[in-house]
Amino acid sequence: MRDVAVIGIGMTQFGELWGKSIKDIFVEAASKAIKNSGVDHIDSMYVGSMSSGLFVGQEHLGAVLADYLGQTPIPSTRVESACASGGAAFRAAYFEVASGASDIVLAGGIEKMTDGADATDALATAADQEYEVYQGVTFPGLYAMIANAHMNQYGTTREQLAAIAVKNHRNGANNPNAQFRTPITLEQVMNSTLVADPLRLLDCSPVSDGGAAVILCSMDIAKKFTDTIIKIKGTAQASDTIALHSRKSLTTLNSVVTAAQKAYKMAGVTPKDINFAEVHDCFTIAEAVVYEDLGFCEKGCGGPAAQEGRTAIDGKTPLNTSGGLKSKGHPVGATGIAQIIELYEQLTGQAGKRQVKNAHIGLAQNMGGSGASCVINILEAK
Ligand code: COA
C-alpha cells in the first residue's frame, strides 16, 4: 500500500444554517478544500452522511453532490455509519489512494439537521429499533444510562462531567467555525435543563447543520504541493452490539478499544505518543469513557482528567481543542471530517489560540450511535 497524505481542508460554519440547502453547504466546504489543496482535479469522492433521506428527503447523495460540485462523471459514493459516517468516508478515501486505484480523492461529510424532520427521532434510527427506540429511549437516554453506570462503578461526579463541557466551550470560543462560541461555567452546566438524568442541556452536543471536506493524495503528489506533509499514519474501524443491553459492560466501549488497538498497531505508536486528540463527545460522559478506552488513562479516570486539567489545551493530552461536538456543533455526517480538519490545523500550526505546543501526532475518534461503530484515524506531521 502507498503512503497517503492530507493536503487540503475546507469547512462551513457549523450551526443553524437556515439560508443554505444541503447542496449549498457541501459545495461550499468541498470547494474550499479543493482550492486550499491547490489540486486542479479530483479522481473520486466519498461523502459521509447519516440520514439525508430523513433529514431533508434527499437520497442518492453521492451523485447529487458530485453533480452540484461540478465533478461528474467521477465516482462519488455516500458512506453511512451513523455519526461515524465522516470518519468512515475518510477511511474509504484513504484506501482508494493507498491501493493505487486513485491519486487524488475528496473525503467529505455533510448533514442538514435543522430543516424538516424531528432530529431526535431521525437520530434514534441509529439505535436498536425493537429493543431501545420502541421502548421510548433515544440517544440522550442511552448515554444517561452509560453515565449512571460510570458514576456507580467509578464514582464519576456531576462536577467532573460539567468540567468536560466547560473545557470544550472554552476551546470552541476560539474556533471561528464553532456553533457555540460562548464560554460557560460549571454552575451553568449543573443548573441547565435536565434532559435525561444525569445529563443536562449543556452536557449534550447540539442539533446542527454543516459540511466539511479534505483532500487526500499519494505521498509523491503531496510533495509537489507542500513542504508540510500530513501523513495518515493509522486507520481502523470496529463495531459492537447495537443495543446497550447486549454488552457485558456499560462503561467500556469495545468498538473504541478494538479500533484504537488496531490504529495504534498500524501507526506503530502507543497512547503515550499521541500529542492531542479529537474525540466524539456527543455527550460529556462519552468524552470521559472514550479517553479511558483510548488508553490515555486507567478506567475511571476520564472524569478526574478533565477536572484536573489533564485534557486542557496545555494539559498532558489535550482533547477536543476544536471545541468538540459540544461547542463546535455536531452535524452528524460532517463531524468525522471536521475532526480531521482540526488535526490538520494543529499539525500544520494553523490553530491560532487553540494551538497545542509540539503537536506532531494527532488522533481522531469518531463514533456511531452508542458506540456500535467507531473509526479512528491517526495523522502525523512529517
Ligand atoms: N448546547 C448548548 N446550547 C444549546 C444546546 C446545546 N447542546 N442545544 C440547544 N442549546 C441552546 C439553544 O441555542 C437555545 O438557546 P436560545 O434559547 O438562546 O436560542 C436553547 O439552548 C434551547 O434550545 P432548543 O433548540 O429549544 O433545545 P432542545 O430542547 O430542542 O434541544 C437537546 C436540546 C439537548 C435535547 C438537543 O440539542 C439534542 O437532542 N442534542 C443531542 C443530539 C444527539 O443526540 N446527537 C447524536 C449523538 S449520538
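In what follows, every heavy atom counts, from backbone to side chain, and hydrogens, waters and symmetry copies are set aside. Counting convention: from 1, in listed order, for ligands and their atoms alike.
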Whether over 12 other heavy atoms sit under 6.0 Å from Lys299 NZ: yes

Lys326 touching ligand 1 at heavy-atom level, < 4.0 angstrom: yes

Cation-pi, Tyr68 ring and Lys23 (6.0 angstrom, 45 degrees): yes

Atom 26 (O) of ligand 1 touched by protein (heavy atom, under 4.0 Å): no

Protein contact of atom 8 (N) of ligand 1 - nearest heavy atom, named by residue and atom, plus distance: Leu201 CD1, 3.7 Å

Minimum non-hydrogen distance to atom 2 (C) of ligand 1, winning option of Leu325, Asp281, Thr335, Leu202: Leu202

Under 3.5 Å side-chain donor-acceptor pair for Thr348 and Thr228: no

Option whose closest heavy atom lies nearest to atom 40 (N) of ligand 1, chosen from Ser370, Pro206, Ser205: Ser205

Heavy-atom nearest option to atom 7 (N) of ligand 1, drawn from Cys204, Ala122, Ala82: Cys204

Tyr143 N/O to ligand 1 N/O under 3.5 Å: no

Glu298, CD: over 12 other non-hydrogen atoms inside 6.0 angstrom: no

Ring geometry between His330 and His280 (parallel below 30°, tilted from 30 to 60°, perpendicular above 60°): perpendicular

Protein heavy atom at shortest distance from atom 35 (C) of ligand 1: Val195 CG1, 4.3 Å

Heavy-atom protein contact below 4.0 Å for atom 13 (O) of ligand 1: yes

Location of contacts on Thr193 toward ligand 1, heavy atoms closer than 4.0 Å: neither

Residue part near ligand 1, for Cys282, under 4.0 Å between non-hydrogen atoms: side chain

Protein contact for atom 18 (O) of ligand 1 (heavy atom, distance under 4.0 Å): no

Heavy atoms of other groups near Lys382 NZ, more than 12 under 6.0 Å: no

Polar contact flag, side-chain donor to acceptor under 3.5 angstrom, Asp203-Thr284: yes

Over all atoms of both residues, closest heavy-atom pair of Pro176 and Arg181: CA-NH1, 3.5 Å

Verify atom 21 (O) of ligand 1: protein non-hydrogen atom under 4.0 angstrom away: yes

Positive for side chain to side chain donor-acceptor pair (under 3.5 Å) with Ser322, one of Glu342, Glu278, Arg354, Glu345: Glu278

From OG1 (Thr235) to CD1 (Ile376), nearest 0.5 Å: 9.0 Å

Contacting atoms of ligand 1, where contact means under 4.0 angstrom from a heavy atom of Phe283: 41 (C), 44 (O), 47 (C)

Which residue and heavy atom of the protein sit nearest atom 36 (C) of ligand 1, plus the separation: Val207 CG2, 4.1 Å

Protein contact of atom 10 (N) of ligand 1 - nearest heavy atom, named by residue and atom, plus distance: Phe180 CZ, 3.8 Å

Closest protein heavy atom to atom 45 (N) of ligand 1, given as residue, atom name and distance to 0.1 Å: Leu123 CD1, 3.5 Å

Is_contact(atom 31 (O) of ligand 1), protein non-hydrogen, under 4.0 Å: no

Pair Thr321-Gln346, side-chain hydrogen bond (donor to acceptor under 3.5 Å, both in side chains): steps then yes or no: CA-CA 9 Å; Thr321 54; Gln346 290 287 353; 3.1 Å; yes

Identity and separation of the nearest protein heavy atom to atom 39 (O) of ligand 1: Thr120 OG1, 4.2 Å

